Each structure stands twice: as structure tokens, then as C-alpha cells.
Amino acid sequence: MKKLLIILHYFITICFAQIIPISNGDWQNPNIWSDGQLPGSSNDVVIPSNLTIRISGSIIVKSITVNGVLTASTASDINLQTEWIMVIGNDALFKVGAPENPFNSSCTITLTGIDDGDDIMGMGDKFIGAMNGGQIEIHGQQKVSWANLGADVNSGSNQITMATSVDWNVGDEIVIVSSTFDWEEVEERTITAISTDSLTLTLNNPLNYPHFSLLNTYTRSSDNKTWTADLRAEVGLLTHNVIIQGDTNSLINGYGGHMM
């Protein structure tokens, strides 16, 4: 009996926590929601398969299940915080921008929570995922996301040279990946100056580790086949107008967000 009461209590709690829109429209319009008020941080939101909801502004909810369409309003910045977003079903779509019309405002999606043992449809927790025909489309401002080093850089240097020019700006944050088997040698820096040819970047702080730009060519003696191994360290742009990130606890406990 005690176990049954616990199950009933859990079921009732889930039912009261779930909120569903009853018509198409803007997320920030209370009239589209089943109880006449905006979803809150304890709500599990479900978008039915026949509805389209446009997100904008600040949104904090427990989770979002998309069976219909969840799309970004192009006229407003977005700051969305949730444990997970599941896009599931043949008609399910989560869309920010489009190839012909990229999203130009600011959109930050922060995945929250701790490792509490949840396993949502085999994807765990703290994720954005698509299943059973669901689709995710995210189109922000076009930028070079990744490029290679064009020259070795020693520890203590505050400049790096790229293999190809980049369209980054002063103030952008970048990441330089490790050139060893130690992943903790990855380094984040901010660009303080860019050469006129967009190849040399000056960084706000000197690098703590060396990073290499190696192209090794090998020839097999048996058949003279030749190939080149590209071992150049990659440099990635962290500053984008559309960002998907874990919360601040991710750095503390090592439990970050993921996409599947």
C-alpha cells in the first residue's frame, strides 16, 4: 500500500507539473497555455503534434517535449534554460533560423541540472535530442567555426598564426585544442588584435602549453603509396550568436550538456 501511495503521489505530481499549449502562438502569451499562465521552472512542457510555438525572451522550464514545432521568433533575443529538449515524432521540429534566413539575434540555450540518475528515453539527462523522425535545425550567423594552426606556437607566446584567414573579431573567444594526449592542455583565450591578412591573432594572455602545426607525409615501401597525416592543432570559435551550453555547475562537477 505504501508503495502504491508513493507511485500515485509521483503520478499526480507529474500531471500537475505538465503544461500544454492549446493553440498556435508566442510562448510568452499566457492565453495559449492550458492553465492561462506561462510555464515556470517546475513545468514539463509538451508541444502537441498539431501546434507551432514561437519562443522569445527569457524562458526557464524543467523540460520540453516537442511533438509539433518549436521555433525561434526572429525579432527577439532568446535565453532558454531547461534540463532537456526532446524532439520526437515524424512531424516534430525544433528550429532556430533557416539556411536562407539565419537567426541574427542572440539565442542562448543553457542545459541545467545534476547527475541525478534520470535517463530520458535512453538519452540520459541534460540534452537536446531527436528521435523517431524528429528534426533539429539551427542556423545562426555564418562564421568560420574551426581552422588549423599555420605554425607551431610555444608556451609563453600570446600570438598564434592560422593556416587560413578567419572572419573573427577582436573580443571573440577561441579555444586552442591540445597537441598532446592530455586533453587538459586545451586553452581558451580572447582575441585582442588581428593582422590585416586575418592570419595572426594576438591573445589576451600567453599560452601555457605548446601547440603544433604538423603535416607529416608517409610513403609505404611495398607499393610507394603516399599519404599525409594532418596533425595541426585546431582552433575553434566560441563566440557565436546561437549558443548551446551547460550551466555553471558543468565545470564544477564535470556533468555537461550533450546532443543526440
Side-chain angles (χ1 to χ4, degrees), residues 3-25 27 32-35 37-56 58-73 78-98 103 107-140 240 242-260:
K3 184 176 181 180
L4 177 60
L5 289 174
I6 292 173
I7 292 173
L8 287 173
H9 174 75
Y10 177 77
F11 177 74
I12 292 170
T13 301
I14 291 297
C15 286
F16 277 111
Q18 189 178 94
I19 184 169
I20 300 172
I22 55 177
S23 65
N24 297 322
W27 182 294
I32 72 166
W33 297 102
S34 54
D35 60 358
Q37 60 184 3
L38 298 181
S41 59
S42 63
N43 289 128
D44 294 296
V45 177
V46 178
I47 310 299
S49 59
N50 60 331
L51 295 183
T52 297
I53 304 300
R54 294 181 297 274
I55 57 175
S56 62
S58 179
I59 297 170
I60 302 176
V61 293
K62 189 174 189 301
S63 71
I64 303 175
T65 300
V66 182
N67 303 129
V69 177
L70 184 66
T71 186
S73 173
I78 297 167
N79 186 357
L80 170 60
Q81 298 180 46
T82 185
E83 284 191 24
W84 50 267
I85 302 173
M86 173 65 81
V87 187
I88 182 168
N90 288 329
D91 299 320
L93 173 64
F94 176 40
K95 185 175 183 179
V96 178
F103 188 79
C107 175
T108 300
I109 301 172
T110 303
L111 301 172
T112 63
I114 60 174
D115 187 4
D116 53 8
D118 285 350
D119 188 12
I120 311 302
M121 301 185 192
M123 291 193 180
D125 199 356
K126 210 169 183 178
F127 67 85
I128 299 178
M131 292 182 67
N132 300 347
Q135 297 182 63
I136 300 169
E137 292 188 22
I138 299 175
H139 304 275
H240 291 274
V242 179
I243 297 173
I244 299 172
Q245 63 184 10
D247 55 10
T248 54
N249 286 327
S250 301
L251 293 175
I252 298 170
N253 56 32
Y255 188 67
H258 64 281
M259 296 187 70
M260 294 182 69

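Remember, it's a predicted structure, so these values are computed and weren't measured experimentally. FYI, the numbering just counts along the sequence from 1.
One finds the OG1 atom of T71 at 6.5 Å from the NZ atom of K95 (value rounded to the nearest 0.5 Å). The distance from the OG1 atom of T108 to the CD1 atom of I243 is 4.5 Å, given to the nearest 0.5 Å. Between atom OG1 of residue T110 and atom CG of residue N79 there is a gap of 6.0 Å, rounded to the nearest 0.5 Å. In this structure, the separation between CD1 on I22 and CD1 on I32 is 8.5 Å, given to the nearest 0.5 Å. For the atom pair CG of N90 and OG of S49, the computed distance is 10.5 Å after rounding to the nearest 0.5 Å. The structure places CD1 of I55 at 9.5 Å from CD1 of I47, a figure rounded to the nearest 0.5 Å.
Side chain of W27 to main chain of A72: no donor-acceptor pair is present (N/O by atom type, distance under 3.5 Å, no hydrogens or angles). The closest donor-acceptor contact from the side chain of D247 to the backbone of G113 lies under 3.5 Å. Proximity of a side-chain donor or acceptor of H258 to a complementary backbone N or O of M123 within less than 3.5 Å is detected. Using modelled atom types, no side-chain atom of N43 and backbone atom of V45 make a donor-acceptor pair closer than 3.5 Å. Under the 3.5 Å distance criterion, the side-chain polar atoms of T82 are matched with a main-chain donor or acceptor of K62. Side chain of S34 to main chain of I20: a donor-acceptor pair is present (N/O by atom type, distance under 3.5 Å, no hydrogens or angles).
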Residue pair T112, E83: steps toward the side-chain contact (heavy atoms from CB on, under 4.5 Å) verdict: CA-CA 5 Å; T112 63; E83 284 191 24; 3.8 Å; yes
* To do: Show your reasoning for whether side-chain contact (heavy atoms from CB on, under 4.5 Å) applies to D125 and D116.
  => CA-CA 9 Å; D125 199 356; D116 53 8; 3.5 Å; yes
(message) Before you tell me yes or no, could you show the steps for V61 and I19 under side-chain contact (heavy atoms from CB on, under 4.5 Å), namely the whole-Å CA-CA distance, both residues' side-chain angles and the distance that decides it to 0.1 Å?
(response) CA-CA 10 Å; V61 293; I19 184 169; over 6 Å; no
Checklist line | Intermediate values then yes/no, side-chain contact (heavy atoms from CB on, under 4.5 Å), K126 and Y255 | finding: CA-CA 9 Å; K126 210 169 183 178; Y255 188 67; 3.9 Å; yes
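Side-chain atoms of I64 and F94, non-hydrogen and from C-beta on, never get closer than 4.5 Å to each other. V66 has its side chain within reach of I85: a pair of non-hydrogen atoms, C-beta onward, lies under 4.5 Å apart. Residues V46 and N67 are in side-chain contact: their nearest non-hydrogen atoms beyond the backbone lie under 4.5 Å apart.
Here the closest heavy-atom approach between residue Q135 and residue V87 is recorded as O-CG1, 3.5 Å. Across every non-hydrogen atom of G256 and S250, the tightest pair is CA-OG, 3.7 Å. A pairwise comparison of heavy atoms in G124 and F127 identifies O-CE2, 3.5 Å as the closest pair.
Side-chain contact of S63 with D44: a donor-acceptor pair under 3.5 Å is present, judged by distance alone.
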